[in-house]
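These notes concern the structure reproduced below.
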Amino acid sequence: MDITSPPLLPGNYAPILVIIIMPLLGAIVNGIFGKRLGRSAVTLMALAAIGVSFIACVFTVWLLIASSHGPAPVTRLKWDGWEWLRLSGINDIGDIPITFGFFVDALNGVMSLIVTGVGFLIHLYSTKYMQDDPSYHRFFSYMNLFIFSMLVLILGNGLPVLFVGWEGVGLCSYLLIGFWFKESANAAAGTKAFIVNRIGDFGLLVAMGLLVRYVGALDFTGIQTGAAQLVTPVEIWSGTSALAYVAARPFEILGITGAAHWLLSPGYATAATLVGLALFLGCAGKSAQIPLYVWLPDAMAGPTPVSALIHAATMVTAGIYLVCRMAPVFVLSPFAMFIVAIVGAVTAVFAATIAFAQRDIKKVLAYSTVSQLGYMFLGVGVGAFTAGFFHVVTHAFFKACLFLGAGSVIHAMHARIHDTNAAQDMSNMGGLRRYLPITFITFAASWAAIVGVPFTSGFFSKDEILFQSFTLSVASPVASGTLETATGPISIFVSPPWVSSVLLSLGTLGAVMTAFYMTRLIVGIFFGRFRGWAIAAKSAHSSEPEVHSSGPAPHESPWAMTLPLVILGTLALGAGVFNAAVFHYTPLEHFLASSFGKFENIKPRPNSEQLEHVLLLPGIFAFVLGTAWASWVYLVAKGQPARRFVERNPALYQLVYEKWRIDELYRETIVGTLELIADICVWFDKWIVDGILSRVTSFVIALLGSSVRLFQTGRVQTYAAFIVLGLGGISWFMMTPHAEAAIATDHETGKYKLSAEPGIGYGYRWDSNGDGQFETPSFGDQLSIDVELARTERRTVTLQVRDIFGREATRKFKLERPAEEQLGPRNTRTNNNPDAAAQPKDPSARGQNELNAPSHAIQPGQPQ
Amino acid sequence: MTSLGKALIDFVPYIMAFTVGALIPSRKSRFERFTLGVIGVLLLAFVRGLWPGVQQSSAPAQEWPHLLNVVVFLPMVAAVVLLLLPRQSAGFLKAFTLGVLLVDFAVSLLLLRAPMDVGWHFQYIAPWLPRFGIRYHVAVDGISFWMVLLTTFTTPIAAIVAFGSIKERIKDLCFALLLLHTGMLGAFVALDLFLFYVFWELMLIPMIILIGVWGGVERIKAAYKFFLFTMAGSVLMLAAILYLVITHKQIAGYYTFDYLALRHVNLSHTAAWLCFGAFALAFAVKVPMFPLHTWLPDAHVQAPTSGSIILAAVLLKLGSYGYLRYCMGMFGGPAWAVGANLAGLVIVAGILYGALVAWRQDDIKKLVAYSSVAHMGFVMLGFAAATQASVQGALLQMVNHGISTGALFLLVGVIYDRRHTRSVQEFGGLASVMPIYAAIFVVVTLSSIGVPGTNGFVGEFMVLLGTFASQSLGSFATIQATLATVGVILAALYMLSMVQRMFFGPLSNNANRSLPDLTVRETVVLAPAIILIFVIGLFPSIFLDRSSQSVTAVIEQYKDARRAYQDMPDDSNRAVLLPRRGGPLEQGYPEDPSAIPELPTVASAVEAKPNSAGGQ
């Protein structure tokens with residue numbers, strides 16, 4: 001087949017639409033018509049949709065592989081789509097058209113293979129697992145919608161389209177966690193997942209805003225091209241602002257001048273760091289990293305296939321995908337990379353500690369997922385993008401297999417117990433390998449992969465991460481290591497050399513713990529004797545423990561559930577062949593190279609080649625130690641050491657069992673504060689805002705009304721009395737002389753005219769030259785007087801009036817002529833012709849500049 | 001054969017759209033099937049007809065100058081006719097009113113035929129009170145015509161809802177609805193400030209009647225509150241209008257109330273600030289902006305469902321539309337100067353405060369009302385940021401808010417009709433008894449919190465990203481935009497908590513055990529809104545393209561006005577008339593009557609039209 005023929009490459013590659021639209025079609029058909037179609041049709045629709053999508057993915061990736069060689073290699077296939085909306089760059093310069101288009105390259109090609117491939121297997125599995133659910137069609141509609149959203153996420157051509165999928169998968173996750181919505185806890189878990197994810201989405205939105213501001217592009221190609229503009233200092237803390245002053249004040253008072261000085265000097269970060277951290281907040285939300293991991297364990301409230309697909313294999317790895325895709329931005333900020341790596345490493349260890357104490361097998365797997373995601377971030381955070389991404393691939397296989405295996409176990413247990421919590425409790429299991437042989441074998445294969453048994457897939461991927469975390473480092477993106485700012489050069493953060501040792505130690509520690517709790521899990525489920533013969537399950541209806549001492553023995557699941565297990569288990573064992581870096585056989589890395597390119601500032605430490613085989617040891621050591629230790633504790637000693645430990649440290653155990661009470665901590669601090677603020681707002685709204693605007697105003701009006709009403713008594717005598725009082729007042733006013741005058745001012749000519757207010761029987765005399773002597777000693781009838789002043793001259797003009805009773809009143813008027821025409825403080829122009837002031841500065845840019853209407857200057861409020 | 005075949009192929013998508021629409025309902029209601037099918041066809045025609053780049057008819061369409069007159073006054077004429085109809089035949093009155101509103105909607109769709117390039121379209125000018133320079137001047141541009149369509153789209157829906165739940169005083173109801181319709185439309189298309197003020201006040205009366213007659217228990221108080229708040233603002237606006245007119249008379253020598261002329265009056269700083277304040281107050285009450293929002297929860301809670309729909313979907317938009325058109329159009333200087341502060345206010349006291357207060361409400365209608373404060377905060381933020389993307393986003397957000405909040409009130413009305421309570425506590429687990437209702441409620445909720453793919457996202461996204469790149473907010477743009485983005489989290493918080501408490505969990509309240517799901521009438525009314533949620537979400541360009549040129553022009557004018565304001569000396573107390581730039585935006589400028597020998601008559605105004613219609 002001639003793959004370079006125009007219809008397929010690279011203008012508009014239509015099969016990409018098949019990949020995306022099929023799951024959407026499945027979702028719509030099952031969602032709207034599913035109830036009427038019946039179960040078999042729903043099954044057919046759902047499976048066919050994902051199956052066709054998978055085949056299209058295989059074809060596309062094959063096409064990419066086949067055309068990646070030769071003189072004109074094709075590394076991406078795209079479909080341009082339609083213009084979605086249009087943004088503008090800073091200061092309205094530059095259009096940023098956002099197209100709703102998709103593309104495939106090596107990175108998202110592999111990812112879409114996993115999504116559709118593993119997705120298909122899990123769909124197949126679900127057809128039996130969800131067989132008896134009354135909302136069968138709804139389940140598959142959501143699942144198909146999830147696959148669709150996930151494909152939009154990974155195939156989108158820019159951050160906005162990615163964001164559509166990003167929130168879409170969050171929405172599907174919300175819907176599927178709360179799938180059995182009749183239980184309040186499930187619905188609450190769904191809401192929690194959505195809101196915590198939204199906090200991450202907030203980060204992604206901010207990152208997009210910053211990219212628009214500093215790069216002016218949101219599509220991946222544009223970001224890659226313009227990423228260099230992100231190495232620019234941004235003032236994030238102004239040392240001169242009022243806030244800085246307020247913050248520094250306490251330190252000054254306390255005499256800690258160092259802190260005060262630090263607060264009063266400006267702080268800078270590169271735009272790349274800001275974008276990187278904002279993006280990572282989004283990743284932490286979706287991929288359940290500290291501090292936003294709390295939703296993922298609760299998400300296990302959803303059906304088990306959902307946990308396998310969304311909360312283990314695909315959606316939660318979207319964060320890694322985003323970091324890989326935005327690698328050109330991340331590598332520009334060693335600080336952001338450092339944060340990614342350290343958060344990943346700490347999460348890997350922290351989540352593993354919680355997994356130690358959980359009895360619910362899904363919870364153990366959930367924390368294991370959080371921990372493994374931490375490994376992936378550790379990998380991408382040190383710049384080992386391929387290694388991190390390869391762990392996404394292998395993790396998808398073994399964790400999906402583990403979850404589906406757990407589902408198979410739960411399926412078998414549920415047949416006996418009919419209580420979701422008890423059916424997932426490890427303390428009711430044991431010895432199941434006799435009843436569920438296929439499940440056991442596949443589970444064991446995945447266990448081998450996750451604990452890192454040599455030559456399984458997990459061994460290769462985890463080992464590569466540990467190796468790279470020690471050897472790789474991110475150097476400054478600019479050669480000099482400093483950036484010029486307004487207040488002098490600032491140096492770019494580069495992680496100190498000891499960090500790599502810390503990362504390696506944390507990684508190894510996490511690996512030991514992983515081996516321990518996974519061995520505990522597999523021993524607890526499959527070894528020993530079956531503890532489920534007599535299960536004390538608290539029934540929902542009575543508080544008395546209900547004892548099931550009889551019932552069917554657990555049985556193996558049907559083929560539709562075991563076949564996916566076998567396939568995934570095989571892949572978990574054998575997928576290492578795609579990227580066996582230890583043996584220098586890395587087809588995946590070669591394939592992905594076209595997506596990642598080469599980053600100049602990510603450098604391995606010298607003689608890292610020699611370390612390669614030495615650094616295999618920590619991984620193998622972790623596996624041996626963890627497994628042996630856990631086997632001794634749980635297999636040989638039958639869990640005695642663990643029980644003794646719990647008895648000796650009950651508080652510690654309780655704390656770990658309750659997940660370090662992080663949920664409670666968040667609830668008390670963040671949610672509690674928010675609730676308090678909200679309550680204050682409600683109170684403020686009711687009593688202050690509405691109180692002043694409605695109650696106080698209405699009270700004032702009512703008060704005025706009532707006081708005026710007092711006078712309206714309706715009694716003629718009162719009215720007559722008021723009339724007399726009023727007449728008296730007026731008479732008194734009339735009989736008192738008032739010396740008042742209006743001044744007509746004209747600073748321009750210096751002529752001023754004072755006009756006295758006339759009164760009955762008044763006589764006037766003036767002192768216009770300010771010498772204290774009235775010009776006419778007697779009172780005349782001169783009503784007005786003209787005064788002329790020189791520049792800057794001041795004068796006091798006196799007016800005296802006398803009424804017919806001989807009483808006199810005097811008033812002085814101070815006149816002053818300013819030196820020059822007063823100008824506005826801001827205005828530096830000497831020409832103050834207001835008509836000219838309104839003229840545009842550049843008439844040529846104004847188009848037709850015709851003045852049709854005559855323009856006069858007036859003084860507002862004084863009609864001419 | 002070929003042409004016939006072509007025609008057939010052209011028809012196939014429509015037939016498919018009809019089939020899909022007709023297949024969706026699972027009930028045995030032929031009416032429902034048929035209507036949904038028709039809605040499907042109309043939708044397809046709508047999207048295809050508006051698709052960017054689709055050639056309109058080959059010759060530039062002749063704009064019929066009376067189109068706006070018909071759209072605006074048809075309901076009013078119908079209202080007069082309605083007075084002559086017998087009160088007893090309620091069914092006929094309902095059908096008549098609904099028919100008129102639907103015809104009005106259909107006629108208003110003709111607006112879409114204009115390319116909506118820069119300038120005024122469907123302009124019609126006639127002298128009204130020539131002595132005072134008052135003219136009947138109506139026109140639309142790329143901004144107001146979406147508002148007109150939103151209005152003509154919303155009122156029929158509100159009418160159907162009202163006819164479903166209100167059983168008494170039908171004639172009064174019909175009259176009020178028709179009159180309200182004219183008032184709202186008129187306020188959007190008027191370009192003469194006197195005419196604008198008349199329409200602005202005209203719509204107030206029917207709205208008070210709607211709340212005060214068919215409202216809840218405390219309806220009189222709510223109606224008073226609504227009236228007094230609005231009145232206080234608009235009286236000040238009237239004073240500012242008169243001041244502007246007199247100033248124009250003094251500098252240009254003749255009276256005019258025309259927007260085109262008055263926006264050339266460059267007032268002195270003090271006067272500009274006072275006039276801006278008066279206008280801004282009137283619009284801030286309507287939007288509503290903190291702290292003038294307290295009438296809104298009361299009005300929404302007490303208003304009947306149809307009143308709430310119109311209030312949320314259209315009346316609030318008049319506030320933001322007025323701010324864009326008049327405050328930013330005529331007082332660019334003060335508007336620019338308050339821009340950053342306004343943005344801060346709407347973020348902290350609108351988006352965040354509104355969301356937090358909404359979160360703690362138990363009454364669903366109150367919750368939605370406070371969420372309106374938050375949503376309208378995004379709109380005002382878009383205007384304050386004043387970039388191409390943010391203003392376009394804000395405009396789209398106005399339409400979006402109309403659709404999704406209108407639909408939310410409709411949905412609340414559905415449950416209120418069944419249970420006569422709006423307290424969230426009374427519900428729980430409704431998803432098991434009313435699955436279709438729950439599904440639609442969730443879809444509208446998603447639109448309201450701005451999940452990508454729905455309309456709410458596009459508006460918010462454009463506003464936020466426009467704000468990030470805003471120049472008018474200065475160095476605060478990034479911080480303010482980041483803070484506003486927090487609102488996105490809070491929106492999810494309050495809406496999803498409400499949805500969770502209402503629809504999920506066990507069915508705890510026995511009173512909810514046998515609630516019927518959506519009726520055919522309710523489904524049919526909701527369907528267009530649901531479809532538009534996705535159409536705007538996926539193809540916003542069909543909306544944005546038609547407004548982009550007008551928005552560019554508005555921003556240009558805004559910047560010019562700011563420049564003129566800055567050139568005006570601080571202590572000058574003289575107003576000046578800005579030079580005219582000509583071009584399509586000043587087509588219809590009121591000339592000095594003394595300079596033109598004879599007054600323009602109706603006929604000459606109409607004749608002047610054709611050469612200017614597709615002028616550029």
Side-chain angles (χ1 to χ4, degrees), chain A residues 32 36 83 85 87-92 163-164 167-168 171 178 181-182 184 187-188 191 194-195 198-199 202 205-206 208-209 212-213 677-679 681-682 685 689-690 693-694 822 824-827 832 834-835 837-838 846-860 863-864, chain B residues 24 26 225 247 250-253 266 268 271 291 294 353 356-357 359-360 387-389 429 431-432 451-453 458 462 464-465 468-469 471 481-482 485-486 488-489 492-493 496-497 500 504-506 540-541 544 564 567-583 592:
Chain A
I32 296 177
R36 279 169 275 170
E83 182 181 306
L85 44 94
L87 297 173
S88 44
I90 186 157
N91 201 9
D92 275 337
F163 192 72
V164 174
E167 286 238 312
L171 169 68
F181 58 79
K182 283 175 194 169
S184 301
T191 308
F194 196 93
I195 290 167
R198 266 263 158 149
I199 298 176
F202 155 77
L205 272 174
V206 171
M208 281 193 266
V212 163
R213 193 178 173 93
I677 296 174
D679 285 337
C681 284
V682 171
D685 201 70
V689 179
D690 201 38
L693 276 177
S694 309
Q822 274 180 344
R826 273 197 309 123
N827 202 324
N832 193 35
D835 287 357
R846 286 275 185 130
Q848 295 159 283
N849 194 359
E850 44 185 329
L851 245 169
N852 286 10
S855 64
H856 306 286
I858 60 126
Q859 295 185 328
Q864 290 168 332
Chain B
I24 285 175
S26 55
K225 205 166 172 182
T247 311
Q250 283 166 346
I251 49 180
N266 191 18
S268 68
T294 55
Y353 176 90
L356 283 175
V357 177
W359 183 35
R360 305 306 274 174
T387 59
Q388 176 81 19
S432 26
V451 169
V458 184
M462 291 186 74
L464 287 174
L465 265 63
F468 266 107
Q471 199 199 17
T482 309
T485 315
V486 176
V488 174
I489 306 175
L493 185 63
L496 289 186
S497 316
Q500 185 197 326
F504 303 140
S541 278
L544 297 172
D567 288 345
M568 167 84 66
D570 256 353
D571 62 338
S572 165
N573 49 5
R574 294 162 177 154
V576 293
L577 201 65
L578 295 177
R580 282 169 62 182
R581 303 168 61 180
D592 188 351

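Below, all heavy atoms of this structure are taken into account, side chains as well, without hydrogens, waters or symmetry copies.
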A/D685/B/R360 ion pair, N-O < 4.0 Å = no
Determine whether A/F202 and B/T485 make a side-chain contact, defined as any pair of heavy atoms from C-beta on separated by less than 4.5 Å.
-> yes
Assess whether side-chain contact (heavy atoms from CB on, under 4.5 Å) is satisfied between A/L87 and B/F468, documenting all intermediate values.
-> CA-CA 11 Å; A/L87 297 173; B/F468 266 107; over 6 Å; no
Separation of B/L465 CG from A/L205 CG (nearest 0.5 Å) | 7.0 Å
The reported gap from CG in B/L493 to CZ in A/R198 (rounded to nearest 0.5 angstrom) is 11.0 Å
Of A/V206, A/L171, A/I677, A/I32, the largest count of non-hydrogen pairs under 4.5 angstrom with chain B goes to A/V206
So which of A/M208, A/E167, A/R36 has the largest heavy-atom pair count under 4.5 angstrom toward chain B?
-> A/R36
Closest approach of [X] and [Y], non-hydrogen atoms and distance?
X      : Y      : answer
B/P506 : A/S184 : CD-OG, 3.1 Å
B/S432 : A/K182 : CB-CE, 3.6 Å
B/V357 : A/C681 : CG2-CB, 3.7 Å
A/V212 : B/A469 : CG1-CB, 4.1 Å
A/A678 : B/L356 : CB-O, 3.7 Å

Portion of A/V689 that has a non-hydrogen atom of chain B nearer than 4.5 angstrom = both
Heavy-atom contact with chain A under 4.5 Å, split by part of B/L496 | both
Residue B/A481 versus chain A: region with a heavy atom under 4.5 Å | neither
Residue selection (most heavy-atom pairs with chain A, distance under 4.5 Å) from B/A492, B/G453, B/G429 | B/A492
